[in-house]
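Just so you know, residue 1 is the first one in the sequence shown, and it goes up from there. Whatever order the structure lists ligands and atoms in, that order sets their numbers, starting from 1.
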Amino acid sequence: MAYRIAPSILSADFARLGEEVRAVQAAGADLIHFDVMDNHYVPNLTAGPLVCAALKPHATVPIDVHLMVKPVDRIIPEFAKAGANLISFHPEASEHVDRTLGLIRECGCRAGLVFNPATPLTVLDHTLGSLDLVLLMTVNPGFGGQQFIASVLPKIAEARRRIRECGRDVWLEVDGGVKADNIAEIARAGADTFVAGSAIFGSGDYAATIRDMRARLAVV
Ligand code: DX5
Ligand code: ZN
């Protein structure tokens, strides 16, 4: 299993974002997770395509844009132009999920769907064939530094089962409360891509933290 670590810049120093992106890449990040919050779909406000475009020249790994916005369609071409490589959204935030997935693809990006802790996986029945990424939230979206919701673990296993059955190379990403302490358990449930905000940016040594995560993944 190839595991990927995606530091969420939500917990980075926003006054030094370019430097922070370069620092986590040097520390071994596989993706840059870019959380977009609109103070409408979620009760917080972060950054839009302008900030993504400003970071793009600093990015040597793919930018993984997690849209927590409603509506979603209007902003997708903007993020594609701003250098996003993957774009994922919450099905609750789109009136026409299949159309939104098509739009992401048309813009040249890989497409993902995000499931809140209480959102069932039934949407996958009709979308998995056109997804590159399934993102399972293990906190309620809106803030970094929240507690991991362990009751989502069986849902991770169920998503892995569905991905295996469909036979396509779909990444299974987990977001919220991921730390070195629980990363092995999350991988055992079936995840292959791990978002970590506070665990990485809140640590003194990004490289040591990512190394610790990889060491724990190596023995899964
Ligand atoms: C929460 C965001 C997460 C957040 C995770 O809505 O989607 O990406 O940054 O932060 P931690 O890793 O601190 O839980
Ligand atoms: Zn996120």
Practice task
If you have a sec, work out which protein heavy atom is nearest atom 6 (O) of ligand 1 and how many Å separate them, to one decimal?
Solution key: Gly142 N, 2.8 Å

Practice task
Any atoms of ligand 1 less than 4.0 Å from a non-hydrogen atom of Asp35? List them with their elements.
Solution key: 2 (C), 3 (C), 4 (C), 7 (O), 8 (O), 9 (O)

Handout entry: Any Ile87 side-chain heavy atom under 4.5 Å of Ile76 side chain
Key = yes

Handout entry: Contacting atoms of ligand 1, where contact means under 4.0 angstrom from a heavy atom of His66
Key = 7 (O)

Handout entry: Closest contact, heavy atoms only, Arg214 versus Tyr3
Key = NH1-O, 3.8 Å

Practice task
Give a yes/no on ligand 1: does Phe143 have at least one heavy atom closer than 4.0 angstrom to it?
Solution key: yes

Exercise for the section: Look at atom 12 (O) of ligand 1 and say which protein heavy atom is nearest, naming residue and atom and giving the distance to 0.1 Å. Expected result: Gly197 N, 2.8 Å

Handout entry: Per-atom contacts of ligand 1 with Gly176, taking only distances under 4.0 Å to non-hydrogen atoms
Key = 14 (O)

Handout entry: Check: Trp171 and Arg4 side chains under 4.5 Å, non-hydrogen atoms
Key = yes

Exercise for the section: Quick one: sort the Tyr206 and Phe201 rings into parallel, tilted or perpendicular, breaks at 30° and 60°. Expected result: perpendicular

Exercise for the section: Taking only heavy atoms of Met37 into account, list the atoms of ligand 1 that are under 4.0 Å away from them. Expected result: 6 (O)

Handout entry: Considering all heavy atoms, the nearest Leu128-Arg168 contact
Key = O-NH1, 2.8 Å

Completion exercise
of all protein heavy atoms, closest to atom 14 (O) of ligand 1 is Gly177 N, 2.8 Å

Practice task
Answer yes if the ring centres of His90 and Tyr41 are under 6.0 angstrom apart, and no otherwise.
Solution key: yes

Completion exercise
protein heavy-atom neighbour closest to atom 13 (O) of ligand 1 works out as Ser198 OG, 2.5 Å

Practice task
Walk me through it: do His96 and Asp98 pass the test side-chain hydrogen bond (donor to acceptor under 3.5 Å, both in side chains)?
Solution key: CA-CA 6 Å; His96 305 282; Asp98 183 70; over 6 Å; no

Handout entry: In one Ile/Leu/Val/Met/Phe/Trp/Tyr side-chain cluster, 4.5 Å: Val152, Val220
Key = yes

Exercise for the section: Taking the Zn ion (ligand 2) as the vertex, measure the angle between atom OD2 in Asp175 and atom ND1 in His66; round to 10°. Expected result: 90°

Practice task
Answer yes if the side chains of His33 and Asp35 hold a donor-acceptor pair under 3.5 Å, and no otherwise.
Solution key: yes

Practice task
Determine whether any heavy atom of Met137 lies closer than 4.0 Å to an atom of ligand 1.
Solution key: yes

Practice task
With heavy atoms of Ala196 as the reference, note each atom of ligand 1 found under 4.0 Å away.
Solution key: 12 (O)

Practice task
Could you check which of Ala12, Gly144, Ser11 puts a non-hydrogen atom nearest to atom 10 (O) of ligand 1?
Solution key: Gly144

Practice task
For residues Leu136 and Glu173, determine if any side-chain heavy atom of one lies less than 4.5 Å from a side-chain heavy atom of the other.
Solution key: no

Handout entry: Of the N, O or S atoms in Asp35, the one nearest the Zn ion (ligand 2)
Key = OD1

Exercise for the section: Report whether Leu67 and Val114 are members of the same hydrophobic cluster (ILVMFWY, side-chain heavy atoms less than 4.5 Å apart, transitive linking). Expected result: no

Practice task
Could you tell me which atoms of ligand 1, counted from 1 in the order shown, lie closer than 4.0 angstrom to a heavy atom of Met68?
Solution key: 6 (O), 7 (O)

Exercise for the section: Using distance alone, decide if ligand 1 has a nitrogen or oxygen within less than 3.5 Å of any nitrogen or oxygen in Pro141. Expected result: no

Handout entry: Ile186 vs Thr138 side-chain heavy atoms within contact, under 4.5 Å
Key = no

Handout entry: Those atoms of ligand 1 less than 4.0 Å from some heavy atom in Val195
Key = 8 (O)

Fill in the blank from the handout: If you compare Asp175, Val174, Asn140 by their heavy atoms, the one closest to atom 8 (O) of ligand 1 turns out to be Asp175

Handout entry: Hphob cluster co-occupancy, Phe194 + Met1, side-chain heavy atoms under 4.5 angstrom
Key = yes

Exercise for the section: List every atom of ligand 1 that sits less than 4.0 Å from any heavy atom of His33, numbering the atoms from 1 in the order shown and giving each element. Expected result: 8 (O)

Practice task
For atom 9 (O) of ligand 1, grab the closest protein heavy atom and report residue, atom and distance to one decimal in Å.
Solution key: Ser8 OG, 2.8 Å

Exercise for the section: Using non-hydrogen atoms of the residue, decide whether Ala199 is closer than 4.0 angstrom to ligand 1. Expected result: no

Practice task
Return a yes/no value for Gly145: is any of its N or O atoms, backbone included, closer than 3.5 angstrom to an N or O of ligand 1?
Solution key: yes

